[in-house]
2 protein chains.
Amino acid sequence: MHDMQKELSTDELMGRFLNQLKDEDQLTEKQKRIMEAAVKLFSEKGFHAASTSEIAKEAGVAEGTIFRHFKTKKDILISLVAPIMLRFASPLLLKDVRKLMGSDLPLDDLLKQLYQNRLQIIEKNWSQIRLIIQEMQFHEELRGAVVENLFGVGRKLAEAFVSSKIQSGEIRNFPPLTVTRALVSMMVGYVFFKFVIFPDEGMNLDDEQEIEIMVDIILNGIRNKE
Amino acid sequence: MHDMQKELSTDELMGRFLNQLKDEDQLTEKQKRIMEAAVKLFSEKGFHAASTSEIAKEAGVAEGTIFRHFKTKKDILISLVAPIMLRFASPLLLKDVRKLMGSDLPLDDLLKQLYQNRLQIIEKNWSQIRLIIQEMQFHEELRGAVVENLFGVGRKLAEAFVSSKIQSGEIRNFPPLTVTRALVSMMVGYVFFKFVIFPDEGMNLDDEQEIEIMVDIILNGIRNKE
DNA sequence: GTCTATATATGGATAGAC
DNA sequence: GTCTATCCATATATAGAC
């Protein structure tokens with residue numbers, strides 16, 4: 001029933017992802033260097049503030065070479081999205097998630113692991129994630145791609161999980177989307193404070209402790225008490 | 001080079017912030033028009049993507065006029081921060097908040113009102129808030145000013161509130177900062193989904209219902225059960 | 001104080017030699 | 001495929017007339 005639908009759209013997404021993977025192997029050395037330089041500079045200075053000449057210098061190629069491989073500067077940006085999403089979206093959303101969701105771990109351990117993993121992935125890929133969130137605001141196609149592929153799939157996965165837990169009576173009977181958003185919000189908020197507001201200082205407590213409390217709170221909020 | 005001119009320190013910026021209330025009355029018609037046009041274009045297209053000629057056109061002044069009032073383009077951006085923060089930071093953080101915190105409303109009603117008000121303020125000022133969050137990433141002085149003025153104050157207020165509720169035994173004994181972050185995270189996450197991820201569609205449920213559930217969940221999570 | 005005109009730099013993008 | 005040189009448009013910023 002529900003689960004079948006989710007499987008299908010996930011597979012559909014994976015299809016797209018797998019196609020992108022092939023493309024990635026076809027990239028030449030220089031193309032990769034240009035793209036890496038672009039990721040670095042775009043995320044550091046923003047898309048418009050980073051010039052193609054800087055990118056060329058950073059990549060160690062002539063400026064003209066860039067435009068042999070990419071029609072326009074924006075083309076570089078677009079070309080970055082798929083690989084970036086591949087690099088973190090897949091592990092962010094899929095890897096371990098099905099395993100965790102299918103496991104018989106107690107909910108709190110499950111959530112702790114989930115948060116911990118996702119946080120690590122986000123931390124490792126933060127500059128790239130930030131770049132995408134940044135530029136989503138200004139390039140609609142980009143937002144469309146991210147929303148459809150990433151959030152579409154993630155949302156379905158999460159909602160399926162929440163729904164099943166509601167039906168099994170483990171968590172309270174709220175709209176699954178709302179519960180899902182609450183769960184994700186805790187992570188979004190944490191990331192927001194940690195990386196956006198206080199990117200330098202770091203937080204007071206370490207991640208593991210914070211997550212422990214976070215899980216305690218949110219789980220207490222949504223769990224069915226008998 | 002481009003960034004050769006001296007950066008404003010955070011302190012200098014805070015000075016401006018405090019003085020701004022007085023200064024705001026001293027602004028001429030043209031200056032206000034330029035600043036309004038700048039807010040609009042910066043938030044729509046980003047700081048670098050918006051040109052001074054566009055700003056001039058939008059403001060209905062000659063381009064040269066801009067540079068009579070603002071030394072550089074970045075100066076326009078800086079000049080916007082204080083008024084924007086004044087316009088929403090004050091009501092966001094202070095207006096009603098003290099009143100609510102001092103009231104004898106039940107916690108759930110109190111939280112609902114708090115979320116509802118804050119959401120309205122954020123919605124009304126979203127383009128400006130977004131602009132600041134955006135540019136915080138790239139201009140450290142700006143981040144410093146926001147963090148110190150806005151988050152510094154907000155955090156203290158919220159933590160004081162949480163601490164008092166912990167001592168009165170109403171909510172569980174967790175680190176106040178963590179509880180505070182959990183409370184704020186719910187709002188941050190909601191705003192993130194509503195305005196960043198799905199700025200067009202809107203959400204499934206209306207804000208009031210969503211907030212009701214949100215408060216139910218989070219409060220259930222942190223409240224002391226007897 | 002404001003506008004017109006312009007200086008000066010740099011941006012993205014192309015052409016052509018190798 | 002890559003680099004050198006260069007085009008053209010636009011960017012920020014200034015000068016000078018009013």
Side-chain angles (χ1 to χ4, degrees), chain A residues 23-81 131 134-135 138-139 141-142, chain B residues 1-8 23-81 131 134-135 138-139 141-142:
Chain A
D23 290 347
E24 209 169 33
D25 293 329
Q26 291 168 0
L27 294 175
T28 71
E29 228 2 87
K30 300 245 164 175
Q31 277 174 306
K32 279 187 207 161
R33 288 228 305 280
I34 292 168
M35 286 168 69
E36 272 163 32
V39 173
K40 178 162 182 286
L41 290 168
F42 286 165
S43 76
E44 267 174 25
K45 322 178 65 170
F47 174 71
H48 281 282
S51 70
T52 50
S53 69
E54 284 174 300
I55 294 169
K57 210 171 69 183
E58 171 80 28
V61 303
E63 197 171 352
T65 305
I66 289 181
F67 291 97
R68 189 140 308 268
H69 294 291
F70 303 92
K71 245 179 52 211
T72 68
K73 187 170 101 161
K74 183 158 178 177
D75 239 45
I76 310 177
L77 176 65
I78 299 293
S79 80
L80 295 173
V81 178
L131 168 62
Q134 284 276 348
E135 301 306 333
F138 305 120
H139 312 277
E141 341 82 271
L142 209 158
Chain B
M1 315 293 249
H2 43 294
D3 268 316
M4 202 143 83
Q5 71 187 114
K6 188 187 93 184
E7 300 277 326
L8 273 173
D23 289 349
E24 208 167 34
D25 295 329
Q26 294 170 358
L27 293 175
T28 70
E29 233 355 272
K30 300 244 165 179
Q31 278 173 307
K32 280 186 207 163
R33 289 228 305 277
I34 292 168
M35 286 167 70
E36 274 162 30
V39 173
K40 179 163 181 284
L41 290 168
F42 286 166
S43 74
E44 269 175 23
K45 322 179 64 170
F47 174 71
H48 281 282
S51 70
T52 50
S53 70
E54 285 174 299
I55 295 170
K57 210 171 70 181
E58 171 80 27
V61 302
E63 197 169 352
T65 305
I66 289 181
F67 291 97
R68 189 141 305 271
H69 295 290
F70 304 91
K71 243 177 58 209
T72 67
K73 187 170 100 163
K74 181 159 178 176
D75 236 46
I76 310 176
L77 176 65
I78 300 292
S79 80
L80 295 173
V81 178
L131 168 62
Q134 283 277 347
E135 300 306 332
F138 305 119
H139 312 277
E141 343 82 272
L142 208 159

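Note that the structure is predicted; figures quoted are calculated from it, not measured.
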Whole angstrom value for the distance that separates C1' of D:dA11 from CG of B:L41: 15 Å
Could you check how far NE2 of A:H69 sits from P of C:dG12, rounded to whole Å? 17 Å
Length of the line joining A:E54:CD and C:dG11:P, which is rounded to integer Å: 7 Å
Could you check whether any side-chain N or O of B:E58 sits under 3.5 Å from a backbone N or O of B:L41, counting only pairs where one atom can act as donor and the other as acceptor? no
Heavy atoms, side chains only, cut-off 4.5 Å: are B:H139 and B:K74 in contact? yes
When you measure from the side chain of B:F67, which nucleotide among D:dT14, C:dT2, D:dA11 comes out closest? D:dT14
For B:T52 and D:dT12, is the shortest distance between a side-chain N/O and OP1 or OP2 below 4.0 Å? yes
Starting at atom CD1 of A:I34, determine the distance to atom C1' of D:dC3, rounded to an integer number of angstrom. 12 Å
Flag for B:E63-B:S53: side-chain donor and acceptor within less than 3.5 Å: no
Whole-Å gap separating P (C:dT6) and CD (B:E63): 15 Å
Comparing nearest nucleotides in DNA chain C, the 5'-proximal residue of the pair A:K71, A:S53 is A:S53
From D:dG1, D:dT12, C:dG11, nucleotide with atom closest to A:S51 side chain: C:dG11
Closest to the B:A62 side chain, choosing from C:dC3, D:dA13, D:dT2: C:dC3
Phosphate contact (C:dC3 OP1 or OP2) by B:K30 side-chain N/O below 4.0 Å: yes
When all nucleic acid strands are considered with a 4.0 Å heavy-atom cut-off, which category describes A:T65: base, sugar-phosphate, or nothing? base
To the nearest angstrom, the CZ-P distance between B:F42 and D:dT12 comes to 8 Å
Show your reasoning for whether side chain to side chain contact (heavy atoms under 4.5 Å, CB included) applies to B:I78 and B:E141. CA-CA 9 Å; B:I78 300 292; B:E141 343 82 272; 3.7 Å; yes
Does the side chain of B:K45 come under 3.5 Å of the side chain of A:H48 through a donor N or O and an acceptor N or O? no
Could you state the atom-to-atom distance from CZ of A:R68 to P of D:dT4 in whole Å? 14 Å
Could you check whether B:A50 gets within reach of a base, just the sugar-phosphate, or nothing at all, counting any heavy atom under 4.0 Å? sugar-phosphate
In whole angstrom, give the distance that lies between atom CZ of A:F47 and atom C1' of C:dG11. 12 Å
Per nearest nucleotide of DNA chain C, the residue lying toward the 5' end, B:G64 or A:H48, is B:G64
